[in-house]
Asker: 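If you scroll down you'll find the structure; I have some questions about it.
Please read these numbers as outputs of a predicted model, since none were measured by experiment.
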Amino acid sequence: CSTRCCLKVIKNFKNINWEDNCYLLSKKKFRENANIINIFTEKKGKVNGIIYGGTSRKIRNYLQISNKLFAAYSSKNENRLGYFKTELIS
C-alpha cells in the first residue's frame with residue numbers, strides 16, 4: 001500500500017534494543033516453556049518482558065528472585081512486551 005497513512009506507520013516503526021545489568025524482581029509462568037519476568041535495571045528502571053525457555057533446567061536454576069543478571073532486551077515497539085535473553089552475573 002502506498003497511501004500516506006501506511007507510510008507514516010512504517011516510518012514510526014522502531015526496534016528497541018538495549019543491554020544492562022539488572023536484578024530479578026518477580027517471575028510468572030507464561031505458556032509451556034516461557035516466563036514473564038520483572039527486572040530492575042540501573043538505566044531503564046523497572047521493566048517487564050518475556051524470556052523463552054525460562055522453564056528449562058539450565059535457565060530455571062538462575063532465574064531466582066534477587067539474582068543479579070545481565071539482560072539483553074529487544075522489542076518491536078515501546079508499547080509491546082519485549083523479549084529478554086539473560087545470563088547470571090556472579
Asker: Check whether Tyr62 reaches the backbone of Thr86 with its side chain - one donor and one acceptor, N or O, closer than 3.5 Å.
Answerer: yes

Asker: So do the side chains of Lys43 and Trp18 get within less than 4.5 Å of each other, counting heavy atoms only?
Answerer: no

Asker: Do Leu24 and Gln64 have side chains that get closer than 4.5 Å, going by heavy atoms?
Answerer: no

Asker: Can you tell me how far NZ of Lys85 sits from CZ of Phe70, rounded to the nearest 0.5 angstrom?
Answerer: 12.0 Å

Asker: How close do Tyr73 and Arg80 get, counting heavy atoms only, and between which atoms?
Answerer: OH-O, 3.9 Å

Asker: Considering residues at least two apart in sequence or located in another chain, which fulfil the side-chain contact (heavy atoms from CB on, under 4.5 Å) criterion with Ile50?
Answerer: Phe30, Ala34, Ile36, Tyr52, Leu81, Tyr83

Asker: Answer yes or no: is there a donor N or O on one side and an acceptor on the other, between the side chain of Asn35 and the main chain of Gly54, under 3.5 Å?
Answerer: yes

Asker: Side-chain contact, heavy-atom cut-off 4.5 Å: Thr55 with Arg60?
Answerer: no

Asker: Could you tell me the separation between the CG atom of Leu69 and the CG atom of Asn21, rounded to the nearest 0.5 Å?
Answerer: 9.0 Å

Asker: Which atom names give the shortest non-hydrogen contact between Gly82 and Ser75, and what distance separates them?
Answerer: CA-CB, 3.8 Å

Asker: Report yes if the side chains of Ile39 and Phe84 come closer than 4.5 Å at any heavy-atom pair, otherwise no.
Answerer: yes

Asker: Taking C-beta and beyond as the side chain, do Asn38 and Lys46 meet within less than 4.5 Å on heavy atoms?
Answerer: yes

Asker: On a heavy-atom basis, which atom in Lys29 and which in Arg31 lie closest, and how many Å separate them?
Answerer: CE-O, 3.4 Å

Asker: Is it true that Leu88 and Ile59 fall in one hydrophobic cluster, defined by side-chain heavy atoms closer than 4.5 Å?
Answerer: yes

Asker: Specify the closest pair of heavy atoms between Lys44 and Val47, including all atoms of both residues, with the distance to one decimal.
Answerer: CB-CG2, 3.9 Å

Asker: Taking atom CG of Leu63 and atom OG of Ser26, what is their separation to the nearest 0.5 Å?
Answerer: 11.0 Å

